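Chain identifiers are assigned alphabetically (A, B, ...) following the order of the sequence lines, protein sequences preceding nucleic acid strands; residue numbering begins at 1 within each chain. What you see below is based on every heavy atom in this structure, not just the backbone, and it leaves out hydrogens, waters and symmetry mates. Remember, predicted model here, so these are calculated numbers, not experimental data.
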Amino acid sequence: MSTVRAIRGMHDILPEQTCYWQYLENVISDVLGSYGYGEIRLPVVEYTALFRRSIGEVTDIVEKEMYSFEDRNGESLTLRPEGTAGCVRAVVEHNLLATPQRLWYSGPMFRYERPQKGRQRQFHQIGVEAFGIATPDIDAELIALTARLWRALGVVEHVQLQLNSIGSSTARRHYRDALVSYLAQHRDALDDDSVRRLDTNPLRILDSKHPATQALLAGAPALADYLDEESRADFARLCELLDAASVPYVVNPRLVRGLDYYNKTVFEWVTDKLGAQGTVCAGGRYDGLVEQLGGKATPGIGFAMGKERLVLLLEAAAQVLPAIPAADLYVVNAGKAAELAAFVAIEDLREQLPALRIVQHAGGGSFKSQMKKADKSGARWALIWGEDEAAAGTVTVKPLREQGQQENMAVAAVAGYLAQHTTSSEG
RNA sequence: GUGGCCGUAGCUCAUCAGGUUAGAGCACCGGAUUGUGACUCCGGAGGUGGAGGGUUCGAGACCCUUCGGCCACCCCA
């Protein structure tokens with residue numbers, strides 16, 4: 001097709017889908033509000049250096065997935081591939097870190113990847129971050145919040161929480177050395193990707209899907225044995241809090257996260273309902289990141305949820321949302337006089353009943369075709385303005401969905417009629 | 001970046017040893033009721049067969065390229 005088209009992996013969300021999105025967004029913002037988190041709105045574009053410094057130079061995101069381009073002044077900019085870096089930048093820039101901050105944001109992210117189920121080049125995340133709290137109570141709070149969200153969305157039976165601690169950066173460095181020296185001895189048993197990661201990002205070998213590699217890892221040194229005391233204690237406390245709150249989890253000692261800035265607690269909510277891209281929400285602690293980006297040393301922890309994946313999960317969980325008709329009321333009008341009378345009266349009606357969705361027919365057409373449109377719209381009533389009505393100053397209200405005769409009434413009586421029928425038969 | 005499957009009407013699909021004006025259902029528009037929807041009946045419109053090239057007397061079908069979709073790897077939300 002030579003006509004205009006969207007960029008690969010960047011999808012429109014059409015009206016029939018947006019009801020899921022709105023539902024999701026409403027539930028999420030309610031739950032976040034109930035924990036006292038405040039919304040922060042962030043730019044979609046940042047200096048490229050921000051992401052290089054925070055996400056990590058050797059990560060796939062930075063190496064090959066960023067949408068980077070030069071500004072007109074030669075500055076390298078990047079469409080954000082994730083939200084945490086920009087959020088940290090913002091709280092540092094605006095000096096919000098004097099006291100703890102609980103924040104959330106929502107919006108599009110961009111990664112140049114091969115599209116797949118649950119993965120697009122422009123996708124949407126909701127991110128939640130808490131700054132300035134070093135103790136594991138905040139870890140537990142964030143996780144409890146997500147658990148509450150799954151309950152609210154009706155998908156809690158379809159997700160599982162995986163939890164791990166990857167320790168302090170020094171503990172992790174010691175562990176990494178031990179892991180590398182172990183794996184280096186068995187280099188020929190490793191798959192190609194893992195061999196490559198031996199030099200770049202050895203911890204990621206832990207969650208390799210290769211059976212042979214996994215078998216090899218059974219004999220490898222365990223991350224848990226290298227944890228520093230504080231990480232160990234904090235992790236134990238986190239587990240204790242989650243147990244107390246009856247939030248089920250499984251400790252996955254192989255769980256490491258892809259971005260460099262994580263330490264201590266890492267977690268993922270996964271589902272088996274979405275094919276290969278089963279992670280629906282993931283995050284962890286990043287105590288060094290604020291300082292790394294030039295702020296005063298401040299602990300942080302956060303997570304991100306993929307909205308596309310949550311919408312898919314809602315659908316997979318058969319969370320069927322009631323179809324919302326486009327209109328409550330469809331206004332049929334015949335003739336110039338009727339059109340004018342209807343136009344004026346309907347504006348007034350909207351004033352009186354702002355919650356009512358009123359569609360006035362536009363574009364002409366026969367009376368019959370207008371009635372068909374009224375029916376197709378899903379409206380509960382047709383408001384009929386013909387030449388007789390226009391002359392008499394009345395209007396005919398015809399129920400389209402239920403029993404009952406149409407009634408001719410004074411224009412001024414319509415609001416009362418509708419108000420009465422709307423409240424009496426709802427719920 | 002790698003691999004597999006797939007692009008025919010708005011949607012779901014058919015056609016086909018390569019052979020005249022590419023079909024159906026649903027949706028859409030009009031009529032049967034000159035002011036009344038749904039059901040029914042009748043009629044109509046709608047496709048340069050993703051795009052570009054090639055083979056052939058002839059290509060939607062075969063070949064190549066390209067773009068896109070889906071799925072998986074990689075990686076991640």
Open item on the list: Both distances below 3.5 Å, Watson-Crick or wobble geometry, any strand: find the nucleotide opposite B:C26.
Closed with: B:G10
TODO: Round to a whole Å and report the spacing from CZ of A:R119 to P of B:C73.
DONE: 9 Å
Open item on the list: With a 4.0 Å limit, can you tell me whether A:R204 has a side-chain N or O closer than that to the phosphate oxygens OP1/OP2 of B:C74?
Closed with: no
Task: Out of B:C67, B:G3, B:A77, whichever nucleotide has its closest atom nearest the side chain of A:R114 - done: B:G3
Task: Proximal nucleotide (of B:G1, B:C71, B:C76) relative to the A:Y112 side chain - done: B:G1
TODO: Report which part of the nucleic acid A:G278 touches: base, sugar-phosphate, or nothing (heavy-atom distance under 4.0 Å, all strands).
DONE: nothing
Task: Nucleotide of B:G68, B:A77, B:C74 approaching A:R5 most closely (side-chain heavy atoms) - done: B:G68
TODO: Would you kindly compare A:R196 and A:R257 by the position of their nearest RNA chain B nucleotide and give the one closer to the 5′ end?
DONE: A:R196
Task: Inter-nucleotide C1' distance (B:G49, B:A9), Å rounded - done: 10 Å
Open item on the list: To the nearest 0.5 Å, what is the distance between CZ on A:R285 and CG on A:N263?
Closed with: 7.5 Å
Task: Base-pairing mate for B:C70 - Watson-Crick or G-U, with both contacts under 3.5 Å - done: B:G4
- [ ] Pick base, sugar-phosphate or nothing for A:K373, based on heavy-atom distances below 4.0 Å to the nucleic acid.
- [x] sugar-phosphate
TODO: Using a strict cut-off of less than 4.0 Å between a Lys/Arg side-chain nitrogen and an Asp/Glu carboxylate oxygen, indicate whether A:R172 and A:D177 qualify as a salt bridge.
DONE: no
Task: A:D60, nearest nucleotide to its side chain (from B:G37, B:C76, B:C74) - done: B:C74
- [ ] Mind calculating the distance between NZ (A:K372) and P (B:G35) to the nearest angstrom?
- [x] 16 Å
Open item on the list: What is the distance, to the nearest angstrom, from the CD atom on A:E113 to the C1' atom on B:A72?
Closed with: 14 Å
Open item on the list: Need one value for A:A334: base, sugar-phosphate or nothing, where a base atom within 4.0 Å counts as base even if backbone is also close, heavy atoms only.
Closed with: nothing
Open item on the list: Heavy atoms from C-beta onward define the side chain here; which of B:C73, B:C76, B:G37 lies closest to that of A:A276?
Closed with: B:C73
Task: Side chain to side chain, A:L349 and A:L329, heavy atoms closer than 4.5 Å - done: yes
Open item on the list: Roughly how many Å apart are B:U65 and B:G1, using the P atom of each and rounding to a whole number?
Closed with: 16 Å
Task: B:A38 OP1/OP2 closer than 4.0 Å to side-chain N/O of A:K376 - done: no
Open item on the list: Looking at A:Q370 and B:U36, is any side-chain donor or acceptor paired with a base atom of the opposite kind under 3.5 Å?
Closed with: no
TODO: For B:U36, give its Watson-Crick or G-U wobble partner with both distances under 3.5 Å, or none.
DONE: none
Task: Side-chain donor-acceptor contact under 3.5 Å, A:S29 with A:E39 - done: no
Task: A:P115 or A:M305, whichever maps to the more 5' nucleotide of RNA chain B - done: A:P115
Open item on the list: Does a side-chain N or O of A:R8 approach OP1 or OP2 of B:G69 to a distance below 4.0 Å, or not?
Closed with: yes
Open item on the list: Please name the nucleotide paired to B:U15 by Watson-Crick or G-U wobble geometry with both distances under 3.5 Å, or report none.
Closed with: none
TODO: Round to the nearest Å and state the distance from A:F367 atom CZ to B:U36 atom P.
DONE: 7 Å
Open item on the list: Taking the minimum atom-to-atom distance to the side chain of A:I384, which one of B:U36, B:C73, B:A38 wins?
Closed with: B:U36
- [ ] Measure from the side-chain heavy atoms of A:R309 and tell me the nearest of B:C70, B:G35, B:A77.
- [x] B:A77
Task: Which nucleotide in B:G37, B:G68, B:U36 has an atom nearest any side-chain atom of A:D375 - done: B:G37
Open item on the list: Between A:Q116 and B:A72, is there a contact of a side-chain N or O with OP1 or OP2 at under 4.0 Å?
Closed with: yes
TODO: Looking at every strand, decide which applies to A:A374 at a 4.0 Å heavy-atom threshold: base, sugar-phosphate, or nothing.
DONE: nothing
Open item on the list: Please report the distance separating the C1' of B:G18 from the corresponding atom of B:G60, rounded so that it comes out in whole Å.
Closed with: 10 Å
Task: Sugar-phosphate only, base, or nothing, as touched by A:G275 at under 4.0 Å among non-hydrogen atoms - done: sugar-phosphate
TODO: Report the C-alpha distance between A:Y286 and A:Q292 in whole Å, list the side-chain angles of each, state the deciding distance to 0.1 Å, and finish with yes or no for side chain to side chain donor-acceptor pair (under 3.5 Å).
DONE: CA-CA 10 Å; A:Y286 46 84; A:Q292 190 183 323; over 6 Å; no
Open item on the list: Do A:Q405 and A:E407 pair up side chain to side chain, a donor and an acceptor below 3.5 Å, judged on atom types alone?
Closed with: no
TODO: Return the value, rounded to whole Å, for the distance between atom CD of A:E402 and atom P of B:G37.
DONE: 18 Å
Open item on the list: Between B:U21 and B:G25, how many Å separate the two C1' atoms, rounded to a whole number?
Closed with: 22 Å
TODO: Just name whichever nucleotide pairs with B:C41, Watson-Crick or G-U, keeping both distances under 3.5 Å, else none.
DONE: B:G31
- [ ] For B:U2 and B:C62, measure between their P atoms and round to the nearest Å.
- [x] 25 Å
- [ ] Pick the P atom in B:G46 and in B:C29, then give their distance to the nearest Å.
- [x] 16 Å
Task: A:R89 and A:Y47: side chain donor to acceptor below 3.5 Å - done: no
- [ ] Report which part of the nucleic acid A:E268 touches: base, sugar-phosphate, or nothing (heavy-atom distance under 4.0 Å, all strands).
- [x] nothing
TODO: Send over the distance from A:L255 CG to B:C76 P, rounded to a whole Å.
DONE: 11 Å
Task: Length of the CD1-C1' vector between A:I7 and B:C67, whole Å - done: 14 Å
Show me the donor-acceptor pairs within less than 3.5 Å that the side chains of residues 11-18 of chain A make with the rest of the protein, sequence neighbours left out.
unit_1 : atom_1 : unit_2 : atom_2 : d
A:Q17  : NE2    : A:E315 : OE2    : 3.2
A:T18  : OG1    : A:P15  : O      : 2.9

Task: Pairing nucleotide - B:A51, Watson-Crick or G-U, each distance under 3.5 Å - done: B:U65
Task: A:Q406 side chain to A:T396 side chain, donor-acceptor N/O pair below 3.5 angstrom - done: no
TODO: Write down the distance separating the C1' atoms in B:A45 and B:C28, rounded off to the nearest Å.
DONE: 9 Å
Open item on the list: So A:E65, base contact, sugar-phosphate only, or nothing? Heavy-atom distance under 4.0 Å.
Closed with: sugar-phosphate
Task: Nearest listed nucleotide, side chain of A:M371, among B:A77, B:C74, B:G37 - done: B:G37
Open item on the list: I'd like the P distance from B:A22 over to B:C26, given in whole Å.
Closed with: 22 Å
Open item on the list: Check the phosphate of B:G37 against A:K368, side-chain N and O only, distance under 4.0 Å to OP1 or OP2. Yes or no?
Closed with: yes
